[in-house]
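Just so you know, these numbers use all the heavy atoms, side chains as well, and skip hydrogens, waters and symmetry mates. Proteins come first, then strands; the chains are lettered A, B, ... in the order of their sequence lines, and each starts at number 1.
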2 protein chains.
Amino acid sequence: MKSLNRPTLERLLLYYHFIDHHLVAEDGSTVSSTRIAKFMDLDDTQVRKDLAAIGLRGRPRVGFVISEVKSRIRNILGFEEDYRAVVVGAGRLGGAIASYSEFRVYGLDIVALFDNHPDKIGRTIGNHVVQPVSQLQTIVKQSKVRLGVITVPAEAAQDVAEKLVQSGIKALWNFSPKNLVVPKTVTVRDEHLSVGLADLLYHLKRSD
Amino acid sequence: MKSLNRPTLERLLLYYHFIDHHLVAEDGSTVSSTRIAKFMDLDDTQVRKDLAAIGLRGRPRVGFVISEVKSRIRNILGFEEDYRAVVVGAGRLGGAIASYSEFRVYGLDIVALFDNHPDKIGRTIGNHVVQPVSQLQTIVKQSKVRLGVITVPAEAAQDVAEKLVQSGIKALWNFSPKNLVVPKTVTVRDEHLSVGLADLLYHLKRSD
DNA sequence: TAGATTGTTAATCGATTAACAATC
DNA sequence: TAGATTGTTAATCGATTAACAATC
């Protein structure tokens with residue numbers, strides 16, 4: 001199976017959400033590619049191609065077994081593994097992410113929340129006691145943390161990224177509006193909210 | 001000028017960020033498409049095409065005037081207009097967005113923050129006093145609010161969306177993991193953090 | 001001038017859609 | 001059986017890249 005590009009990955013997740021929210025997976029019940037496609041406003045061939053790409057086979061006149069589709073997508077996207085993560089930056093956004101229980105569904109296990117501000121250290125947010133950044137490296141190594149979530153202000157982001165990389169972290173989820181410089185072996189996902197906002201404003205400007 | 005698709009829009013914003021963070025716009029100084037492309041890891045023709053698409057002309061041997069590029073992108077993306085917005089849902093995420101001053105740069109003016117929980121109403125978050133959702137329609141109409149940001153839990157999202165649409169709002173920025181059903185005249189941008197997370201986990205799973 | 005960089009046309013590439021025989 | 005739905009091949013479409021003459 002060749003590696004999936006981002007659009008395919010995105011679509012797979014959206015299929016999963018559709019199935020999870022709108023369909024019942026019991027008793028070998030099925031769903032057709034046409035139905036998924038219609039809900040998603042996609043071509044049905046697209047859906048079949050995506051499902052074929054992750055090794056799923058449907059049956060003519062019947063469609064795809066819902067439970068198989070669900071578990072295969074979970075498996076491909078890696079939801080069944082356990083991913084330990086730390087959140088650095090205990091502001092509102094960091095707090096929101098650290099206490100967002102929905103992410104558990106995807107296998108995310110946030111083991112610690114860090115900040116450097118004396119007012120924040122020791123406070124409890126969600127289930128986490130905020131710890132000083134000086135503890136970061138120890139905890140990351142100890143708990144074999146693989147993912148670092150960066151929710152500090154832009155000016156602190158690069159420094160935090162370097163600390164995380166030095167501790168052996170392999171992936172960064174970056175919420176700061178800053179381009180991080182890291183070794184090629186580290187995967188970075190930039191979550192620039194401004195992209196979404198710009199998109200919205202562009203359409204708004206033209207919709208009047 | 002034909003309307004720009006999302007990738008073009010995204011790239012324009014990233015060019016803007018690059019220029020804004022790394023270059024000086026004074027004295028008619030210039031930047032070449034090659035330089036932008038290199039930083040972005042793109043083809044230089046791509047950059048020239050994007051800039052041409054928004055009416056910018058460069059000069060051979062010289063490049064593009066930085067200040068022109070900046071102001072033209074701001075103009076195209078609509079950053080120079082004023083977009084009044086309300087945030088519904090005063091949890092950690094809603095609070096983060098309502099108090100995130102960076103968005104002002106894009107022309108976003110958050111005029112009110114709503115919640116329905118008695119504990120939250122009346123509290124101050126950022127510069128906003130949390131108001132009850134019952135006030136929503138009045139304030140939206142009064143202040144000619146055009147954008148609604150939804151940061152309530154999934155089960156409340158559709159209801160909030162409907163209230164916003166009824167008040168005359170034209171665009172929704174949806175942070176809840178819920179598919180909103182709204183009239184076609186309303187632009188919806190879904191900010192599903194799970195897409196970013198899934199992408200990251202997919203790569204993490206395969207990087208060991 | 002020489003050469004860096006543009007703007008544009010043509011070629012390539014990949015992703016999406018259409019067509020349709022196979023199947024249950 | 002008839003017909004809905006699949007899987008796959010071929011056609012289309014659009015976006016990206018290459019090539020290169022024009023230009024300052």
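For the pair A/D50 CG and D/dT6 P, the interatomic distance rounds to 13 Å; values are reported in whole Å. Summarising the geometry, the separation between CD on A/Q46 and C1' on D/dT9 is reported as 16 Å, rounded to the nearest angstrom. Atom CD of A/E10 and atom P of C/dA15 are 14 Å apart (whole Å). One interatomic measurement links the two molecules: CZ of A/R59 to C1' of D/dT5, which rounds to 12 Å at whole-angstrom precision. Distance A/R35 CZ to D/dT5 C1': 14 Å, rounded to the nearest Å. One atom, CG of B/N5, and another, P of C/dT16, lie 13 Å apart when rounded to the nearest Å.
The side chain of B/R48 places an N or O atom within less than 4.0 Å of a non-bridging phosphate oxygen (OP1 or OP2) of C/dT6. Phosphate contact (OP1/OP2 of D/dT6, side-chain N/O of A/S33, threshold under 4.0 Å): present. Side-chain nitrogen and oxygen atoms of B/R11 include at least one within less than 4.0 Å of the OP1 or OP2 phosphate oxygen of D/dT16.
A/D44 comes within 4.0 angstrom of no nucleic acid atom, judged by non-hydrogen atoms across all strands. Within 4.0 Å (heavy atoms only), B/S32 reaches sugar-phosphate atoms of the nucleic acid but no base atom.
The side chain of B/D43 approaches D/dT17 more closely than any other nucleotide in the set D/dT6, D/dC24, D/dT17. Among the nucleotides C/dT6, D/dT6, C/dA18, the one closest to the side chain of B/T34 is C/dT6. Closest approach to the A/R57 side chain among D/dG7, D/dT16, C/dT8 is made by D/dG7 (side chain taken as heavy atoms from C-beta onward). When each of D/dG7, D/dT17, C/dC24 is scored by its nearest atom to the side-chain atoms of A/F64, the top-ranked nucleotide is D/dG7.
Of the N and O atoms on the side chains of A/S3 and B/R206, not one donor lies less than 3.5 Å from an acceptor on the other residue. Defined by atom type and a distance below 3.5 Å, a donor-acceptor pair is missing between the side-chain atoms of B/E162 and B/Q166.
C/dA18 is paired with D/dT9 under the Watson-Crick or G-U wobble criterion, all donor-acceptor distances under 3.5 Å. Across all strands shown, D/dA4 is found opposite C/dT23 as a Watson-Crick or G-U wobble partner, with both distances under 3.5 Å.
By the 6.0 Å and 45° rule, A/R35 does not stack over the aromatic ring of A/F39. Within the cation-pi definition used here (under 6.0 Å to the ring centroid, within 45° of the axis), B/R11 does not qualify as a partner of B/Y15.
Aromatic pair A/W173/A/F103: ring centres closer than 6.0 Å.
Nearer to the 5' terminus of DNA chain C, by closest-nucleotide assignment, is the contact made by B/A52 (compared with the other of A/V62 and B/A52).
A donor and an acceptor atom never sit less than 3.5 Å apart when one is taken from the side chain of B/K49 and the other from the base of C/dT6.
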